[in-house]
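Before any comments, here is the structure.
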Amino acid sequence: MPRFHEEEVLRSGTAGVFTPHSLILNIESMADLFPEGISIEDDPTFPQVIALHVHEYIHYLHNLTTRSGLSCLVDIFLLMHPLLQQKINVEDREADKAQQAHVRNVFNSIRKSQGYVIGIPDRYKWRPISRWEFSQVTASFDSMPEAIMDPEQQIEFDVKAVFPDGEELDFRLMPGLKFITEGIAYEIERDIKMRWGISATEVDLSTPAYPYLMYGPLLEYLAGTKLSSKERIAIGLLSLLATSPSVVLTSLSKLTSRKPGTLGATLFTAIEQSTLEGFESYSAHFIDDLIPLLYQVLSGSEILTKGMKVYEALILKGLSSRASRPALELAFLVDKMNIKKFDNIATHLLERVIFQKKPDSALEIRWIGSKEGTGQMSGDMHEAFAVLQSCIHYVQQHLKNNGLETRQSLNPTPCPFRGACTVEQAAGNPQVCRSNPWDAYNLGENSVPCVYQAGVDAFKSLVKPSATVDETLPF
C-alpha cells in the first residue's frame, strides 16, 4: 500500500534537512556558511557545504514555485479542519462520512503530486548498486506520448536494484515531487562539487543510491540514450509544473532525444508549451482563488492569519520569479559556486529562512534575501510566521498511510525551534522539547507559551467543539 514516510523530510546527507510546507530548513553546525571568526570559503570542506545549502534551497524553491509543491501545500491546509474535528470527535455520522470522503480525496491528491514508493523497507540502508532495471507498469502508447493521450494519468514503474553481491531489491515507484526534487537537487549538487574539482565518481560513492542515483538512470532508460545534466534537470522541472508529474516526466524523457524536425521533437515542444501555459493558468488560479482559501482555513486564528501574510509574500515572489524564468534552477550551474554567487542568485529568486545550528547547541534563525523582501518584515510578523510554521509542522505529524492519526501517540520529533527558544532555555531544556513539543504546556513564566505551543493552540482555535463543518470550504 502506498504510504507516507514517518518523517516527511527532504535530506541532503545528514547535515541538511528541509521539512516541506512548514518551510523549516535545518542546517547542522558542521555546514554553517557563516561560522564565527573564520571564513568557510578557505576550508577544504567548502564545496560540500555550499553544495548542501544549494541542494536544500532547491527543495525550498520547489515547495513554493511549482504546481506539485503548491498543490501539496493546499492539501495540508485542507486537512486542518478535518483533523481538528476528528480530534474533538464530532458526533455526527453523516458529517463524518462526508469528512472521511474529503480526507481520502485529499490524500489521493497528495499522492498524485508527491508520488509514492512501495516495497522499500523502513529505514532501509542503501549500499552501492551494480545496476537498475526498470519496466513501465502503466500501458505505454507507441503512437502518441502518454501526456497527450491522457495528461491526468499516473505512471508507475517496477524497479529492481541489483547489488554487487547478487542481492536484489524490487519495489514500485510513482515519480512525483519527492523523487523528482531530490533528483534535480542532486544533479545540481553534483555539478557544483565537480566544478570544484571533485570527480563524479567520488561524489556518487558518498551518496545513497536511492533516490539520488536512480533519477538519471530512470530518465535515460525512458530516453533510450544518455542525457546531459541540463536535460535531466529541465525534464524534471517541467514535470513539477504539470498536473501529473509522472506522465510528463515519462513523455518528455522518451521524446527528448528526437531529432529536430521529427514528429517526436514537435510533440516534445507541444508538451513543453502546454505544460508552461497550464502552469501560468494554475499560478493565476492559485493567486486569485487558492490563497484566499488558505486564509479562509486559518480565519479562526488571528496569529495564523498574520503569519499567512508572510507565507503569501513568499509565494507571490516565488511565482513571479518562476514566471519570468521557468527554469530557475539552471542559474546554479555556474563556474565554482561560492557564497556571494549563491546569495546573489537566491536574493533575486526568493529570500529564504534557515535554521542554523551552532556548535554550542544554540540555533540561529536567519532570514537571507533582498532588503525589500519578507526578511525585512517586522519581528512580530516573523514571530507570527513561526507560529504558522509550528502549526503546519504539528498537522504533518498526524499524516499516516491513508488517513489522519488521532488515537495513537505521535512519533517522537524534536521541536524545530529547539536551541533558539527562550522559553525552552528558561525551563532548563526539558525532554518534552526534544521529543514531543506539542505537549510543552506551561513551560514559560506566567504560562507564556513557547512558539511551538502557540502553533498548537492556534490550530485548536480554528474550529470550536460546537462548530459545524463550514459548507463554504471544500469538505
Side-chain angles (χ1 to χ4, degrees), residues 9-18 25-33 40-62 120 124-132 134 159 161-164 169 173 175 178-221 223 225-237 249 253 327-342 345-346 354:
V9 297
L10 299 170
R11 294 182 177 274
S12 176
T14 58
V17 179
F18 175 69
L25 201 169
N26 271 298
I27 303 293
E28 294 293 335
S29 60
M30 68 182 78
D32 191 350
L33 278 182
I40 186 65
E41 291 188 331
D42 297 329
D43 193 281
T45 64
F46 177 72
Q48 285 83 3
V49 172
I50 191 67
L52 178 144
H53 278 260
V54 174
H55 181 120
E56 299 302 338
Y57 182 73
I58 296 301
H59 296 324
Y60 177 78
L61 277 181
H62 290 168
I120 300 179
Y124 186 74
K125 295 189 180 300
W126 284 92
R127 299 173 286 135
I129 70 163
S130 297
R131 67 181 186 277
W132 299 100
F134 305 101
V159 183
V162 183
F163 298 91
L169 175 65
L173 170 74
K178 292 187 72 173
F179 176 75
I180 297 170
T181 187
E182 290 289 18
I184 294 172
Y186 184 65
E187 291 284 345
I188 295 171
E189 176 186 342
R190 182 202 283 125
D191 183 89
I192 290 172
K193 291 179 178 178
M194 289 174 61
R195 290 174 187 269
W196 276 91
I198 305 173
S199 70
T201 301
E202 183 180 349
V203 176
D204 290 347
L205 283 175
S206 62
T207 304
Y210 179 88
Y212 312 102
L213 303 185
M214 197 186 99
Y215 176 76
L218 174 60
L219 270 59
E220 291 177 348
Y221 155 77
T225 187
K226 290 286 186 181
L227 299 175
S228 69
S229 184
K230 282 188 177 181
E231 288 174 322
R232 295 192 292 266
I233 292 170
I235 290 171
L237 291 176
L249 186 84
S253 295
L328 296 175
E329 292 76 358
L330 295 181
F332 293 100
L333 303 184
V334 297
D335 185 49
K336 281 200 174 183
M337 179 64 65
N338 57 31
I339 294 174
K340 183 177 180 180
K341 290 177 182 177
F342 176 36
I345 294 171
I354 62 172

Aromatic plane relationship, Y124 with W126 - under 30° parallel, 30 to 60° tilted, over 60° perpendicular:
perpendicular
Could you give the distance from NZ (K193) to OG1 (T207), rounded to the nearest 0.5 Å?
5.5 Å
Can you tell me if W196 uses its side chain to pair, donor with acceptor, with the backbone of Q48 under 3.5 Å?
no
Sequence-distant partners of R195, salt bridge (Lys or Arg N to Asp or Glu O under 4.0 Å), two or more places apart:
D191
For I345 and A331, which heavy atoms make the closest approach, and how far apart are they?
CD1-O, 3.3 Å
Distance col, row D43:CG vs D32:CG, nearest 0.5 angstrom, shows 11.5 Å
For a 4.5 angstrom cut-off between non-hydrogen side-chain atoms, does T45 reach M30?
no
Carboxylate-amine/guanidinium proximity below 4.0 Å for E182 and K178
no
Can I354 and E56 be said to form a side-chain contact (heavy atoms from CB on, under 4.5 Å), step by step?
CA-CA 10 Å; I354 62 172; E56 299 302 338; over 6 Å; no
Check: A31 main-chain N/O paired with H53 side-chain donor or acceptor under 3.5 Å:
yes
Closest contact, heavy atoms only, L249 versus G236:
CD1-CA, 4.2 Å
Distance check, rounded to the nearest 0.5 Å: I184 atom CD1 versus L330 atom CG?
9.5 Å
Parallel, tilted or perpendicular, as decided by the 30° and 60° cut-offs, for the rings of Y57 and F332:
perpendicular
Can you find a heavy atom in the side chain of L33 that is under 4.5 Å from one in the side chain of F342?
yes
Would you call the rings of Y186 and Y212 parallel, tilted or perpendicular, where under 30° means parallel and over 60° means perpendicular?
tilted
Are the side chain of K341 and the backbone N or O of D335 linked by a donor-acceptor pair below 3.5 Å?
yes
Taking salt bridge (Lys or Arg N to Asp or Glu O under 4.0 Å) as the definition, give me every residue that meets it alongside E220, ordered by chain and number, with sequence neighbours left out.
K226, R232
CZ (F46) and CD (E41) are apart, to the nearest 0.5 Å, by 4.0 Å
How far does CD1 of I192 sit from CD1 of I50, to the nearest 0.5 angstrom?
7.0 Å
Measure the shortest side-chain to side-chain distance between I188 and L333 over non-hydrogen atoms and say whether it is less than 4.5 angstrom.
yes
Over all heavy atoms of both residues, which pair between M337 and V54 is shortest? Give the atoms and the distance, please.
CG-CG2, 4.4 Å
Once you round to the nearest 0.5 Å, how far does CG of N338 lie from CD1 of I40?
13.0 Å
Considering non-hydrogen atoms only, spot the tightest contact between W132 and A209 and give its length.
CZ2-O, 3.5 Å
Give me the atom names and distance for the closest heavy-atom approach of L52 to A15.
CD1-CB, 3.4 Å
For H62, enumerate each residue passing the side-chain hydrogen bond (donor to acceptor under 3.5 Å, both in side chains) test, keeping only those at least two apart in sequence or located in another chain.
T181, E329
Kindly give the heavy-atom pair with the smallest separation between L227 and E231, and that separation in Å.
CA-OE1, 3.3 Å
